[in-house]
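Okay, so here's the structure we're looking at.
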Amino acid sequence: QVQLVESGGGLVQAGGSLRLSCAASGRTITRINMGWFRQAPGKERDFVAAIRWAGSSTDYADSVKGRFTISRDNARNTVDLQMNNLKPEDTARYYCAADLSMGSITSRRSAYPVWGQGTQVTVSS
């Protein structure tokens, strides 16, 4: 079974940037679609971005399009989320997730059975 550990969160001013990283262990993620989700206090866990196992396609929530970029390095078994022009509404705990299928990428939270513990991102105004 794959285990996921996120890193790179922190406190940043509005307009700043952060790069989150998700390190996988236990098995290679070469054939696994990966996603990032976020959860603000009192809210549901929402889709942020996803990337297909080959890196051939990506998908983003409308709220982050043009600002966030998801990428993967299968050789290093990692998935990153580059976040630029951050806004206070991006404040949340960010989670890396693995969809163990090799089908089309999806924004459905229920399609991801494996989750990391999350990393906190706080954007001050």
Side-chain angles (χ1 to χ4, degrees):
Q1 181 68 299
V2 62
Q3 293 87 41
L4 305 173
V5 177
E6 303 92 337
S7 61
L11 173 64
V12 64
Q13 288 189 332
S17 299
L18 282 174
R19 189 176 184 89
L20 305 183
S21 186
C22 173
S25 62
R27 61 166 284 187
T28 177
I29 61 170
T30 302
R31 303 287 184 175
I32 296 177
N33 296 340
M34 300 293 295
W36 284 95
F37 290 73
R38 66 186 181 186
Q39 187 169 19
K43 296 189 176 181
E44 292 195 350
R45 192 170 298 187
D46 292 331
F47 171 74
V48 175
I51 186 167
R52 197 155 184 260
W53 61 272
S56 52
S57 63
T58 58
D59 189 24
Y60 296 92
D62 288 343
S63 58
V64 307
K65 280 181 181 176
R67 300 189 298 122
F68 290 12
T69 303
I70 188 172
S71 61
R72 64 190 299 155
D73 185 336
N74 286 342
R76 293 176 54 234
N77 233 28
T78 58
V79 178
D80 289 352
L81 185 68
Q82 177 66 43
M83 306 186 296
N84 298 328
N85 190 23
L86 282 161
K87 304 175 181 181
E89 51 264 43
D90 294 318
T91 295
R93 191 164 186 85
Y94 283 71
Y95 295 87
C96 177
D99 168 6
L100 302 183
S101 74
M102 290 176 58
S104 300
I105 53 176
T106 178
S107 61
R108 289 185 298 110
R109 189 176 61 196
S110 60
Y112 295 81
V114 181
W115 295 82
Q117 294 299 305
T119 184
Q120 179 67 34
V121 171
T122 303
V123 184
S124 62
S125 57

Atom pair CZ/CD1 of Arg52 and Ile105 - distance to nearest 0.5 Å: 8.5 Å
Report yes or no: do Ser21 and Asp80 form a side-chain donor-acceptor pair below 3.5 Å? yes
Interatomic spacing from CD1 in Ile29 to SG in Cys22 - rounded to 0.5 Å: 6.5 Å
Indicate whether the side chain of Asn84 and that of Ser17 have a donor and an acceptor atom separated by less than 3.5 Å. yes
Sub-4.5 Å side-chain heavy-atom contact between Met102 and Thr30: no
Validate the cation-pi geometry between Arg45 and Tyr95: distance from NZ or CZ to the six-membered ring centre under 6.0 Å, angle to the ring axis within 45°. yes
When you compare the side chain of Asn33 with that of Ser101, does any pair of heavy atoms fall below 4.5 Å? yes
Would you mind checking if Asp90 and Arg67 are paired as a salt bridge, meaning a charged N to carboxylate O distance below 4.0 Å? yes
Identify whether Leu81 and Phe47 are in the same connected component of the hydrophobic contact network (ILVMFWY, side-chain heavy atoms under 4.5 Å). no
Tyr112: what forms a ring pair (Phe, Tyr, Trp, His ring centres under 6.0 Å) with it, not counting sequence neighbours? Phe37
Can you see which heavy atom on Ser104 is nearest to which on Asp99, and at what distance? O-OD2, 4.4 Å
Atom CG of Leu18 and atom OH of Tyr94: how far apart are they, to the nearest 0.5 Å? 9.0 Å
Does CD belonging to Gln117 count more than 12 external heavy atoms closer than 6.0 Å? no
Between Arg72 and Thr78, is there a side-chain heavy-atom distance shorter than 4.5 Å? no
Is a donor from one side chain sitting under 3.5 angstrom from an acceptor on the other, for Gln82 and Arg19? yes
To the nearest 0.5 Å, how far apart are CE in Met34 and CG in Leu100? 9.0 Å
Using modelled atom types only, decide if a donor and an acceptor are shared between the side chain of Asn77 and the backbone of Ala24 within a distance under 3.5 Å. yes
